[in-house]
Amino acid sequence: MALSDSAVQDIAFNALDSFRIEIPSWGFANTGTRFGKFAQAAAATTIEEKFADAGEVNRLTGVTPTVALHVLWDLPNGVKDVPEVKALENRFGVRSGSINPNLFQDQEYKYGSLCNPSSEIRAHALEHMLDSIEIAKQLGSRDISLWMADGSNYPGTQSIRKRIAWLEHALHVSHEHLARNQRLLVEYKPFEPAFYHTDIADWGMSSHFARMAGPQARVLVDTGHHYSAQNIEQIVAWLLHTKMLGGFHFNDRRYADDDLTLGSIDPYQIFRIFHEIHVATDDGLNPEIAYMIDQSHNLKGKMEAMVQTVMTAQELYLKAALVDRKQLAALQQTCDLVAAEELYRGAFWTDVRPLVRAWREARNLPADPLAALKESGYVERAAKERGSRSLAVSSYA
Ligand code: PSV
Ligand code: MN
């Protein structure tokens, strides 16, 4: 039996009320590929401008109350920068979200950070982890989100097992410094910048390191960090089952870690991930999941791309919420394959945009955030104010 319109609206409003997604400070700054950068006049050049942009995205969408910070890019002086960040939080109405240590850009990390064969370099990297945890504490941030570039490029040039042990140790020590409400999220990536072996290459390795670190550590799934054919929702189901799922970095990819807009290549993939989470929630697993965007756009306008991504995430989250999960479970039980698949696919093909629009109107938000961004003239104003700096900037931060 099909659900009534008001039942569908209830499901939709509940789902959208519960969905929040974090935006990355680095998504507002000029970035590029290793072949070059195309600077944008409206790109943020300071932490203040990044907070201004994040605040504007939150004003338009109402669902991005936190901004992920990258320590060296956003707090180059470490804890000393905390008061400035706090002032920006108050001024622009968005809080600091996950704190991302940066263990990949210093020259000394050429052969690794927490997995470097040099004990001094490992100690220095660990110190940065502890500083990042302290920054998170002072900012009231729950999550310290770790991604490392560590790995090697040629067979036989590093001891893979020694590096495992060094990393186990470093993460365990880091975990000991967490406050009780804090978490350590361990992100994996199969390759890039290392092209032979990466020290945390997949979800199994991340799960292992998180377990060795301690009970407040979890796995972070970046949707761009998988080989092409990998079944990401199965990984998510496993992480839910083993209670190790901590968060996501959302983006889309066609080939590797392409940083394309979420859902631009394979929206069905994200729908399937969200479905696993809705089922696990029904089953009482109560996963604590940090949804975050990890995209930095080179060609699209940064503000437009961020708003578009948030809207896409809401649409896909809602589509997955519309699956009649009771009926689906019955069809799975009787192995009614075609009916089960049609039910599942049917939710995916539902045009949920009118529902999201109705929800925004009911919550006093702009019905069409992209149109509202355009009408506001925010990007043009930013381009005028920032142009002389942003067009001269050629660094990532
Ligand atoms: C690495 O590719 C990554 O996904 C990590 O999350 C970094 O923090 C982020 O990208 C930097 O852009
Ligand atoms: Mn990431």
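Atoms within a ligand are numbered from 1 in the order they appear, just like the ligands themselves.
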Participant: Please identify which atoms of ligand 1 are closer than 4.0 Å to at least one heavy atom of D257.
Facilitator: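 Every atom of ligand 1 under 4.0 Å from some heavy atom of D257: 2 (O).
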Participant: Please determine whether a side-chain nitrogen of the Lys or Arg among D143 and R218 lies less than 4.0 Å from a carboxylate oxygen of the Asp or Glu.
Facilitator: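 Judged by the 4.0 Å cut-off on N to carboxylate O distance, D143 and R218 do not form a salt bridge.
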Participant: Give the numbers and elements of all ligand 1 atoms closer than 4.0 Å to a heavy atom of H70.
Facilitator: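 Those atoms are 7 (C), 8 (O).
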Participant: Would H225 count as a contact residue for ligand 1, given that I'm defining contact as a non-hydrogen atom of the residue lying under 4.0 Å from a ligand atom?
Facilitator: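 Yes, that is the case, since the closest heavy atom of the residue is under 4.0 Å from the ligand.
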Participant: Does either side chain, that of D74 or that of W26, offer a donor lying less than 3.5 Å from an acceptor on the other one?
Facilitator: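 No, no side-chain donor-acceptor pair sits under 3.5 Å.
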Participant: Look at the rings of H70 and W73 and say which category their plane angle falls in: under 30° parallel, 30 to 60° tilted, over 60° perpendicular.
Facilitator: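 It falls in the tilted class, 30° to 60°.
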Participant: What atoms in ligand 1 come closer than 4.0 Å to a heavy atom of K189?
Facilitator: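 What qualifies from ligand 1 is 1 (C), 2 (O).
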Participant: In terms of atom number and element, which parts of ligand 1 are under 4.0 angstrom from non-hydrogen atoms of D222?
Facilitator: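 Close to D222: 4 (O).
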Participant: I'd like to know if the side chain of K137 reaches the main chain of H177, judged simply by a donor and an acceptor atom lying under 3.5 Å from each other, with no hydrogens or angles considered.
Facilitator: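 Here the side-chain-to-backbone pair exists.
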Participant: Is the gap between the ring centers of H226 and Y188 under 6.0 Å?
Facilitator: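 Judged by ring-centre distance (under 6.0 Å), H226 and Y188 do meet the cut-off.
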Participant: Looking only at heavy atoms, what is the nearest atom pair of S96 and E89, with distance?
Facilitator: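 For S96 and E89, the tightest heavy-atom pair comes out as OG-OE2, 2.5 Å.
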Participant: Just to be sure I understand the site: which N, O or S atoms from the protein are less than 2.8 Å away from the Mn ion (ligand 2)?
Facilitator: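 The answer, once waters are left aside, is E187 OE2, D222 OD2, H249 ND1, D294 OD2.
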Participant: Would D257 and H225 count as having a side-chain donor-acceptor pair, cut-off 3.5 Å?
Facilitator: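 H225 and D257 do have a side-chain donor-acceptor pair below 3.5 Å.
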Participant: Has ligand 1 got any nitrogen or oxygen that is less than 3.5 angstrom from a nitrogen or oxygen of E187?
Facilitator: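 Yes; the residue has a nitrogen or oxygen that sits under 3.5 Å from a nitrogen or oxygen of the ligand.
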Participant: Quick check on the hydrophobic clustering: are L3 and W349 connected, directly or via other members, by side-chain heavy-atom contacts under 4.5 Å?
Facilitator: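 Yes.
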Participant: Can you name the residues that form a ring pair (Phe, Tyr, Trp, His ring centres under 6.0 Å) with F19, not counting sequence neighbours?
Facilitator: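 Applying ring pair (Phe, Tyr, Trp, His ring centres under 6.0 Å) to F19 gives F274, Y291, Y317.
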Participant: Please indicate whether any nitrogen or oxygen in W147 is less than 3.5 Å from any nitrogen or oxygen in ligand 1.
Facilitator: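 No; the residue has no nitrogen or oxygen that sits under 3.5 Å from a nitrogen or oxygen of the ligand.
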Participant: Does either side chain, that of D53 or that of Y378, offer a donor lying less than 3.5 Å from an acceptor on the other one?
Facilitator: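 Looking only at side-chain atoms, Y378 and D53 do form a donor-acceptor pair, the distance falling under 3.5 Å.
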Participant: Which of the numbered atoms in ligand 1 are under 4.0 angstrom from any heavy atom belonging to H249?
Facilitator: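 Ligand 1 atoms under the 4.0 Å threshold to H249: 6 (O).
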